[in-house]
Amino acid sequence: MLSKKTKALFFSSLLLSSAFFSQAHNVSEGYQKPTDPLVVQNLENWQDLKFGLFMHWGTYSQWGIVESWSLCPEDESWTQRKPEHGKSYYEYVKNYENLQTTFNPVQFNPEKWAEAAKKAGMKYVVFTTKHHDGFAMFDTQQSDYKITSSKTPFSKNPKADVTKEIFNTFRNSGFKIGAYFSKPDWHSNDYWWSYFPPKDRNVNYDPKKYPERWNSFKNFTFNQLNEITSNYGKIDILWLDGGWVRPFNTIDPNVEWQRTINVEQDIDMDKIGTMVRKNQPGIIVVDRTVPGKWENYVTPEQAVPEKPLSIPWESCITMGDSFSYVPNDNYKSSQKIIETLIKIIARGGNYLMNIAPGPNGDYDPIVYERLKEISAWMDKNQSAVFATRSISPYHDGSFYYTKSKDGKTINIFHLDEKVNYLAPSTLNFIIPENFKPKSLKVLGLSHKIDWKQNGNSIEINLRKERNQLKYSTVIQITQ
Ligand code: GLC
């Protein structure tokens, strides 16, 4: 359970100014440890994976705008509608929904993505099967607002059910599979009922006053999740977004965006969770920001917690600035990505890095360059990354630590965040008390390293070869 203080600390370390600030408070208090042994085991295994790929992709990619949010009447700087996309709100919505009729990402080739991501060390994928705009990127029978509808040009393509293609391809390449799904659906007439104008992100009528309509929305959601967990092979994670769809009594008044919810939006997570676990025994469910039985791990967004957490967690962070494709996005450097990965794993978390496919169905070329650079680092250093756990100290100055699960090996990562990394010729660092080093190596260097121990501190000397170390020096010590 996270104390209020821990929660406050969490967000003092925002990595970048998130475009989604009002969404940023995505760590809930009151973690409930799952009791199903299969879920417990899957969570443990998932914590070994460390590095995952998140993908936000939908018809909105054609306009190169923030996913879905411009449909939301809330007047936030990051939800602004461009005048050329419609003169009035209603014209805008019509044009946005019409994007379905031009979506034709013919370069879609998930093998290319899986290959590049796998080499870069990514071990799981989470894909937006449906975002808040309600456009299904899978073949749902519950709505025609979907990629496989005859209204969508891509429906003629043999790979039209992109969710199926992505899940099968990545699964065959050894990835674990996560389905992102938005509980709120701004296309559904049972969520934003056309009788009223939408007011904000929430349901636009009172579900208590119109129980039949809400019930119909509950069934629709249940049925879509049943389709996803029945028709798409093995799914390992169900990642449910849109935490404002939640029982009224779970609202945390300390969280700004939750204070705006003024209606009951109980979607019956027990019924949904029981169904998805029947379809997919042991599936990890992340009912994001709704603490309890169905939030099996927590999901800080665009942020790294200040300290290790005692519960399973994952930071979702964009590779560019945006979760969705925007032209000329500002992609982070490979060094920055590696630094972030190291800070996350030293605190015991997973890094879910978002890459947004464009409207043509492919990533920007620069993404492949980055993934290639990350692969080269992974080739040398992966033994210090995967299946590791946090250790005390997890961090000391510019050194970050992980340990192997059996505790016999510790890994020490040296970073220099201010400049392009160049390893110094001498490094001095502490090791945990009671750790008795027997052998030491610097990953990626072939020569024997000179090292001396003095109490719990170690000094190593690197030769000229240190010029070969990119982004970090990784020292692996075994006792
Ligand atoms: C933010 C965005 C949402 C996105 C999510 C991913 O909450 O508002 O659109 O899907 O981040 O974590």
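Just so you know, residue 1 is the first one in the sequence shown, and it goes up from there. Just so you know, ligand 1 is whichever comes first in the structure, and atom 1 is the first atom listed for that ligand.
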*Where's the contact between Thr128 and ligand 1, heavy-atom distance under 4.0 Å: side chain, backbone, both or neither?*
neither
*Quick one: look at Trp239 and ligand 1, take heavy-atom pairs under 4.0 Å, and tell me if it's side chain, backbone, both or neither.*
side chain
*Where does the angle between the aromatic ring planes of His85 and Trp63 fall among parallel (under 30°), tilted (30 to 60°) and perpendicular (over 60°)?*
parallel
*asked:* Within ligand 1, which atoms have a heavy atom of Trp69 less than 4.0 Å away?
replied: 2 (C), 3 (C), 8 (O), 9 (O)
*Evaluate the ring planes of Tyr180 and Phe54, with Trp represented by its six-membered ring, and classify them as parallel (under 30°), tilted (30 to 60°) or perpendicular (over 60°).*
tilted
*asked:* Quick check: Tyr363 with Trp113 (ring centres under 6.0 Å apart)?
replied: yes
*Would the Trp69 and Tyr60 ring centres measure less than 6.0 Å apart?*
no
_ligand 1 contact on Arg288 by region, counting heavy-atom pairs under 4.0 Å_ = side chain
_If we check side-chain hydrogen bond (donor to acceptor under 3.5 Å, both in side chains) with Tyr400, which of these qualifies: Arg347, His395, Lys343?_
His395
*Short list, please: which atoms of ligand 1 are under 4.0 Å from a heavy atom of His56?*
4 (C), 6 (C), 10 (O)
*Has ligand 1 got any nitrogen or oxygen that is less than 3.5 angstrom from a nitrogen or oxygen of Glu301?*
yes
_Does the plane of the ring in Trp244 sit parallel, tilted or perpendicular to the ring in Trp257? Use 30° and 60° as the thresholds._
perpendicular
*Please could you name the atoms of ligand 1 that Cys316 approaches to less than 4.0 Å, counting only its heavy atoms?*
12 (O)
*For ligand 1, is His131 a contact, meaning one of its heavy atoms is under 4.0 Å away?*
yes
*Pull out every atom of ligand 1 sitting under 4.0 Å from any heavy atom of Tyr180, numbered as shown with elements.*
10 (O)
*Under 4.0 Å from a heavy atom of Glu67: give me the atoms of ligand 1 that qualify, with their elements.*
2 (C), 3 (C), 4 (C), 9 (O)
*Give a yes-or-no answer on whether the side chains of Tyr471 and Gln335 include a donor-acceptor pair shorter than 3.5 Å.*
no
